[in-house]
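The basis for the numbers below is simple: all heavy atoms, side chains too, and nothing from hydrogens, waters or symmetry mates. In the text below, chain A, chain B and the rest are named by the order of the sequence lines, each starting its count at 1.
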There are 2 protein chains.
Amino acid sequence: MADTDREKLEAALKTQGELVRRLKAENSSKEKVDAEVNKLLSLKEKLGLEDGKQKFVLKTPKGTRDYGPRQMAIRERVFGIIIDTFKRHGAETIDTPVFELKETLTGKYGEDSKLIYDLENQGGELLSLRYDLTVPFARYLAMNKISNCKRYHIAKVYRRDNPAMTRGRYREFYQCDFDIAGVYDAMIPDAECLKIVHEILTGLQLGDFLIKVNDRRLLDGVFAACGVPSDKFRATCSAVDKLDKLPWEAVREELVGEKGLTLEMANSIAEYVCLHGGRDVIARLQADERLVGNSREMQDEQKSARAGLADLDLLFKYLDIMDISTQVQFDLSLARGLDYYTGAIFEATLLAPENAVHQDDGSAPGGVGSVAGGGRYDGLVGMFDARGRRVPCVGVSIGIERIFSILEQRSESHSVRTTETQVLVASAQKGLFDERLRLLKELWAAGIKGETSYRLSPKLLSQLQQAEQSGIPLVALLGTEELAAGTVRLRTVATRQEVEISRDKIVEEISKRS
Amino acid sequence: MADTDREKLEAALKTQGELVRRLKAENSSKEKVDAEVNKLLSLKEKLGLEDGKQKFVLKTPKGTRDYGPRQMAIRERVFGIIIDTFKRHGAETIDTPVFELKETLTGKYGEDSKLIYDLENQGGELLSLRYDLTVPFARYLAMNKISNCKRYHIAKVYRRDNPAMTRGRYREFYQCDFDIAGVYDAMIPDAECLKIVHEILTGLQLGDFLIKVNDRRLLDGVFAACGVPSDKFRATCSAVDKLDKLPWEAVREELVGEKGLTLEMANSIAEYVCLHGGRDVIARLQADERLVGNSREMQDEQKSARAGLADLDLLFKYLDIMDISTQVQFDLSLARGLDYYTGAIFEATLLAPENAVHQDDGSAPGGVGSVAGGGRYDGLVGMFDARGRRVPCVGVSIGIERIFSILEQRSESHSVRTTETQVLVASAQKGLFDERLRLLKELWAAGIKGETSYRLSPKLLSQLQQAEQSGIPLVALLGTEELAAGTVRLRTVATRQEVEISRDKIVEEISKRS
């Protein structure tokens, strides 16, 4: 349909709609109203509208978004820094399918399992979109009987969660995971994971950050010392995990009201989870007999707490050697949501106010929360092995969407180049397209990134504007005079300076300047 | 369960299984057999087996695979060459979600729609996994009202097709798409798409290849000239599309038997679709009055055929200027399956016998078929626009999985490095872990890719073996003697030569050698 026809139809539709409304307001006869409503519907049909809706809902699915060229330029820069870091630490990379057998994901995520996307049963296997990269990694290790591996994996994962897009919370989002699998000496791989988080957050220049560490075994020891029965450890842990978002009173309410702890237990927990610091706090806890027992008589949880504290102390020793312990804090309130952690856990948060981001609901800017998290999961691979063989693992996941949000908002004030084009081949007169194409072919053959207008006879001004708008630094200008003289004019876009260069030297000259 | 316990249980299971089989063979009493079967089942349960099956089916979904580090190293090299080419031609990049609203994909793929993966309706929008990158690109352009765009997009797409994995046919596979959207002068963007395919296939060193070109308007003209009624053009086209896999007799059978053409029509089509060549064949067809009519009286299909031929001729002129016309052939049998093409179409095939690949069914090696394809689709964006605004597009998709198959098979005979580690920090005696970590920290800070053993006291030999096996070129060796002397021994793995270097110069020295 031509645009003008469409406009006439739309005007008619508007008039007809007003007529129907007026007739209804006037309580006209049903026959009269129906006749005009039918005319209205037929107009809507002609316009491809149904019930006033467009034929196509033009959107991406809820909680997802397209990345335009500008976002992609930022994303590639971020990925570059992250991948360089992973490679500097000797990591390989792998990739796994976007979906897994449904049963592969079953029983791995606790309460969060309800957020998994299932595929429709179209005959054949039951499939689900991956929820994280850790479970597919464990499945990969078990399936291929791999007992040592240091790999990174950058890919999208899927969670049917409530999106908060401006804060970087999506239903489809990237994870950048680095994991070390294998039986090694205590805390060496764990320390390297923290070093990697430190290098990445430093490299991205996101401002001050803090990496919190804790240990699941120590948390279990704390719960035991506070009198919590062991079957309530995981529930208690997931309530404590909310301390970074909720005040203690709300968490206590959950512990006592929902999880069935006594007020006394909750108050004892409070005394522990407010503790944070460095090796001094570890030392204090190592002297806490309620927590670690004494050497003559120890319960299992006390042994675990003791082991967790010893490992945390060793971890801090390695962090000291690597000069990163000032940005790492032992924090007993850190719990981490997922079920599969068995030892050290960690989480990194940005501190600087410059990282405050705009809120969905228009309220005051807030922090972006955690930008990296991880921990040790020594039991997960064994869940996939028919013989239950254990492959101890530790890893960290960079929460890249929140970092994108920050960098996108920062970049709003300045231009971001979305191509890498070095030279635009332009012509001053009509009819020189073949000459432009001939020069471009030579530039491409020399590995130079070049473009030309897709029009046979574009205006010179519009070509120069294209170069300026796209940030292309050079223009190679062909004109009838230059062609006759066997030359090309080379224009530096920033300074508007032009030099005349011999046609057979132009490729070399542009190479030199790139 | 400890491995030794497990072995005992498995031995017991085997004995018990033999006992049950013997009792059954001896026709023992039902009571006796049942009692022993129950013991067998309880053993299976202890071992985590049910009905003799493993608890977990350890596999990736049908038609998908993991990429291990070796495959990833090959994949990254291929992507590098492809992305460099796209960028050399000034392309931006975008990304879209892995799933789209189901209605976005409806009515775009003809018969192939049955191969789309749908997500389960878990409440909310109905979603499908993307089937290609072209329809999401058109949706992106319409949604953002973009009328000019040159972009590439590398991402996975999903088709519930019959997989043939050794030939690189998967249900989850990569597409590498390059498209140019906008109103431009005829065949300029189309020629650039062919140039890009040519540069990529040349760059990947895959051996000889041939790019076939045709035009949908010309095909329609041929069908009209052969007497085919216009409502059978698309069906005729999809039958002709099978000519690269089936002999003419089988296609004729389909045209006459299934599609309802007369034998005469089919025979006329045969005369046309056997034609292939260069501008000479185009010229011959331009003189074919049945096809192009004469200037006084022309049917619509004849006008279309005339326009298609003129554009093909112009295309070859541009290919001549770019020196690539010898690898491009005009081929009237090329039809392309998808509904949305409206003008030029193209497809690239590898020719060299070295690209023959092993067949799934163990039969003799065959070719890998098409490795790139594309064409002009001027109507697709308009399908997403409420006002039907048209954005003409042309693009090409590189069929990367087939290329991976070839390169993976080629690489089987030689080693592929999966990490980029430049130096392994090793120690000659026990107890030097802290010293190793201290040196490693300095190397990382200098941007050097370094690793060390995750054991506190690894054997020297196993460290040197690690370096050799992973292809790490240098070993920085710490020992008690060197520590006392303030030096480090630097070993070149390939030659086994060692030099002693001052501890405070070692980072600089390794930097120099990298």
Do H89(A) and E451(B) get their side chains close enough for a donor-acceptor pair, meaning under 3.5 Å? no
Pair Y318(A), E192(A): side-chain N/O donor-acceptor within cut-off below 3.5 Å: no
I need the residue from Q422(A), R75(A), R171(A), R70(A) with the largest number of non-hydrogen atom pairs under 4.5 Å to chain B. R75(A)
Cut-off 4.5 Å, heavy atoms of chain B, and the answer for I321(A) is both
Measure distances from L439(A) to the heavy atoms of chain B and classify the residue's part below 4.5 Å as side chain, backbone, both or neither. neither
Check whether R160(A) gets within reach of chain B through its side chain, its backbone, both or neither, counting any heavy atom under 4.5 Å. side chain
So, the part of I196(B) with a heavy atom under 4.5 Å from chain A: the answer is neither
Do D434(A) and K317(B) meet the salt-bridge criterion of a basic N to acidic O distance under 4.0 Å? yes
Determine, for K156(B) against D95(A), whether the closest basic-nitrogen to carboxylate-oxygen distance falls under 4.0 angstrom. yes
Portion of E442(A) that has a non-hydrogen atom of chain B nearer than 4.5 angstrom: neither
Under a 4.5 Å heavy-atom cutoff, which of R438(B), R139(B), K62(B) has the most pairs with chain A? R139(B)
Is A91(A) in contact with chain B via its backbone, its side chain, both, or neither, using a 4.5 Å heavy-atom distance? backbone
With a 4.5 angstrom heavy-atom cut-off, is it the side chain or the backbone of F173(A) that approaches chain B, or both, or neither? neither
For I180(A), which atoms come within 4.5 Å of any heavy atom of chain B: side chain, backbone, both, or neither? side chain
For L129(A), which atoms come within 4.5 Å of any heavy atom of chain B: side chain, backbone, both, or neither? side chain
Does NZ or CZ of R130(B) fall inside the cone over F99(B)'s six-membered ring, less than 6.0 Å from its centre and within 45° of the axis? no
Can you list everything that forms a salt bridge (charged side-chain N to carboxylate O under 4.0 Å, His left out) with D185(B)? Sequence neighbours excluded, please. none
Please list, chain by chain and in numerical order, all residues satisfying salt bridge (charged side-chain N to carboxylate O under 4.0 Å, His left out) with E199(A), sequence neighbours excluded. R88(A), K195(A)
For R151(A), is there an ion pair with E92(A) - N to carboxylate O distance below 4.0 angstrom? no
Would you mind checking which part of Q122(A) comes under 4.5 Å of any heavy atom in chain B, side chain (CB onward), backbone (N, CA, C, O), both or neither? both
I need the residue from T421(A), T418(A), D118(A), T419(A) with the largest number of non-hydrogen atom pairs under 4.5 Å to chain B. D118(A)
Count the heavy-atom pairs under 4.5 Å between each of D323(A), L443(A), L119(A) and chain B, then report the option with the highest count. L119(A)
